[in-house]
Amino acid sequence: MQKENRSLRFRIVLGAAGAGEVSLAELIERPARLARSALEEIAIDPTDPAVFQLSGGTTGIPKLIPRTHNDYAYNSKAAAAVCRVTGDTVMLIALPIAHNLPLACPGIQGAYFNGGKVVLSPTTRPADVFERIQRHRVTHLKVVPAFLIRLINDPAIRDYELSSLRVIQSGGQRMQPEVRLRTRELIPSAFVQENFGMSEGMLMFVRWDDPEEVRLETCGRPICPDDEVRLVDDEGREVPAGEVGEFSCRGPYTLRGYFGAPEHNARQFTADGFYRSGDLMRLHPSGNYVVEGRKKDLINRGGEKISAEEVENLIMTHPAVQNVACVPMPDPNLGEKMCAFVILRPGHSLALKDLAAFLLGKEIAKFKLPERLEIVEEFPVSTFGKVSKKALAERVAQAPAAGREAQST
């Protein structure tokens, strides 16, 4: 890596340092070269960047997001209040700790701001996670939907005492109601709290006092009274209440622009400073928001635009299905068709014709039916912990064209 990236100057390792390397343990134990009084000479502007986060989209090259000391501290403190993080909180983090959700929403920062405790898990193996929850009496668990689905479908979940859990906070992707209901059956002490957030800033959470149907259907509402949300059409006009539009926002902890990306900023931000996220949402009568997918998460089948998330939601209700991801696959006549990648529940099987019959029973339009079914053990995930639809689409694109019509195992 260092040969390919000339700007990479240091290689820091956990163990003993080799040639050209620096030992992390040595750095920690090395006495400071400066006196403590030198700290008084360091001035930090709270409006300067504290960290640079990476944009977490499922396609494209990540961009740098400057998060200032002010906005990132507020981000965590406001989220902590909504998630009931207190001094007796024990938060288990099994997700990558540098990412926005586990670091600051409210994450590690929110726990420390309130005097809580953080437990780090180096593994996402269900039995290891359950053991740490039991041993440390964990109260708050951070998950993405694919991770939670894996946990609740592991037989070992019944072998551990998990009643200390008060909050299972989910973000990254929309969670299906069936997953929340199943989690509540298995861990009745825990409130499964849906969260919509972005490294760019804006956070929304479902609240404890939301009615049951609102908890199951929505991703919540903003955490700050000064957050502003617009749902707009392709021309930037606000859509009527209840209709689907692109989620646009601005507020005190939402970025004003990506670092060093003026051309992208010109497309991504409106003249009055609203960030256009690419997420499709609608306003629920409760005042919460419902995620309807990504603006680009569409399959263009001969000019008919199919929402992958709409079909995924229906497939998830099939009793044999544990998890699903729908992606486009190349077609010489129609341009694109849909392929459904499915993880099955233990002991179940599923054929493409049976899945099609099931979906037709849900009164789905025929052109929206998946035309290929791939049964897989697990999904590839991006560095941000989300299901990598890009990798799945590349996999099916490389399959022989003659075999794209049939089910594959």
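Along the sequence shown, the residues carry numbers beginning at 1. Every value quoted in this text rests on a predicted model; they were computed, and no experiment measured them.
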Evaluate side-chain contact (heavy atoms from CB on, under 4.5 Å) for Arg256 paired with Phe269, printing each intermediate quantity in order. CA-CA 8 Å; Arg256 275 65 168 176; Phe269 292 84; 5.6 Å; no
Using 30° and 60° as the class limits, which term best fits the ring planes of Tyr258 and Tyr275: parallel, tilted or perpendicular? perpendicular
With Arg301 as the cation and Phe367 as the aromatic partner, state whether NZ or CZ is under 6.0 Å from the six-membered ring centre and within 45° of the axis. no
Within a strict 4.5 Å, meaning less than it, do heavy atoms of the Thr86 and Asn114 side chains meet? no
Sidechain-backbone polar pair: Ser55 side chain, Lys63 backbone, donor-acceptor under 3.5 Å: yes
Using 0.5 Å steps for rounding, measure from the CG atom of Leu92 to the CZ atom of Arg135. 10.5 Å
Do Asp210 and Arg207 come within less than 4.5 Å of each other through their side chains, counting heavy atoms only? yes
Would one find more than 12 heavy atoms of other residues, nucleotides or ligands at under 6.0 Å from atom CD of Glu377? no
Counting distance only, does the side-chain N/O of Asn5 pair as donor-acceptor with the main-chain N or O of Ser7 below 3.5 Å? no
So, taking the atom named CD1 in Ile343 and the one named CD in Gln322, what distance separates them when rounded to the nearest 0.5 Å? 6.0 Å
Mind checking whether Val311 and Pro370 have side chains closer than 4.5 Å, heavy atoms only? yes
Under a plain distance cut-off of 3.5 Å, with no hydrogens placed, do Asp226 and Tyr253 share a side-chain donor-acceptor pair? no
Between the CD atom in Gln176 and the CG atom in Leu314, the distance rounded to the nearest 0.5 Å is 9.0 Å
Does a sphere of radius 6.0 Å around CG in Leu186 hold more than 12 heavy atoms from other residues, nucleotides or ligands, not counting ones at 6.0 Å or beyond? yes
Distance col, row Ser199:OG vs Leu255:CG, nearest 0.5 angstrom, shows 10.0 Å
Please report the closest heavy-atom contact between Gly110 and Val85, naming both atoms and the distance. O-CG1, 3.7 Å
So which heavy atom on Pro49 is nearest to which on His69, and how close? O-NE2, 3.7 Å
Quick one, Cys326 with Ile306, criterion side-chain contact (heavy atoms from CB on, under 4.5 Å). Give me CA distance, side-chain angles, the key distance, then yes/no. CA-CA 10 Å; Cys326 292; Ile306 307 169; over 6 Å; no
Any donor and acceptor pair, going by atom type alone, linking the side chain of Gln169 with main-chain N or O of Cys105 inside 3.5 Å? yes
Between Met202 and Ser277, is a side-chain contact (heavy atoms from CB on, under 4.5 Å) present by the stated rule, with each step listed? CA-CA 10 Å; Met202 178 74 74; Ser277 72; over 6 Å; no
Is Arg267 salt-bridged to Glu263, cutoff N-O under 4.0 Å? no
Residues Arg174, Asn313; criterion side-chain contact (heavy atoms from CB on, under 4.5 Å); working and verdict: CA-CA 10 Å; Arg174 182 180 180 181; Asn313 292 343; 3.6 Å; yes
Any side-chain to backbone donor/acceptor pair from Glu246 onto Val232? Under 3.5 Å, distance only. no
Ring-plane angle category for Phe259 and Phe52, please: parallel below 30°, perpendicular beyond 60°, tilted otherwise. perpendicular
State whether the number of non-hydrogen atoms from other residues, nucleotides or ligands found under 6.0 Å of Glu363 atom CD is greater than 12. no
Interatomic distance, Glu243 atom CD to Arg282 atom CZ [nearest 0.5 angstrom]: 11.0 Å
So which atom in Leu141 and which in Ile133 form the shortest heavy-atom distance, rounded to 0.1 Å? CD2-CD1, 4.3 Å
Could you grab the distance from atom CD of Gln193 to atom CZ of Arg166, nearest 0.5 Å is fine? 12.0 Å
Heavy-atom pair of closest approach, residues Cys219 and Val291: SG-CG2, 3.7 Å
Any heavy-atom pair between the side chains of Asp272 and Arg250 that's under 4.5 Å? yes
Sub-3.5 Å donor-acceptor pair from the side chain of Asn265 to the main-chain atoms of Ala261, do we have one? yes
With side chains defined as the heavy atoms from C-beta onward, is the minimum distance between Phe191 and Arg84 less than 4.5 Å? no
Whether Glu161 side chain and Ser163 backbone form a donor-acceptor pair below 3.5 Å: yes
Are the side chain of Thr89 and the backbone N or O of Met91 linked by a donor-acceptor pair below 3.5 Å? no
Do Arg125 and Asp154 sit within salt-bridge range, that is, some charged N less than 4.0 Å from a carboxylate O? no
Are Glu178 and Arg182 ion-paired here, with the side-chain N under 4.0 Å from a carboxylate O? no
Ionic contact status for Arg395 with Glu374, cut-off 4.0 Å: yes
Does any non-hydrogen side-chain atom of Leu181 lie less than 4.5 Å from one of Leu216? yes
Counting only N and O atoms by type, is there a donor-acceptor contact under 3.5 Å from the side chain of Arg230 to the main-chain atoms of Glu228? no
Do Val51 and Tyr72 have side chains that get closer than 4.5 Å, going by heavy atoms? yes
Over all heavy atoms of both residues, which pair between Leu120 and Ile108 is shortest? Give the atoms and the distance, please. CD2-CD1, 4.4 Å
Exceeds 12 heavy-atom contacts within 6.0 angstrom, atom CG of Leu39: yes
Checking Asn153 side chain against Ile149 main chain: does a donor-acceptor pair fall under 3.5 Å? yes
Donor-acceptor contact present, side-chain Asn195 to main-chain Met204, <3.5 Å: yes
If you compare all heavy atoms of Leu283 against all heavy atoms of Asn288, which two are closest, and at what distance to 0.1 Å? CD1-O, 3.5 Å
For a 4.5 angstrom cut-off between non-hydrogen side-chain atoms, does Val167 reach Thr139? no
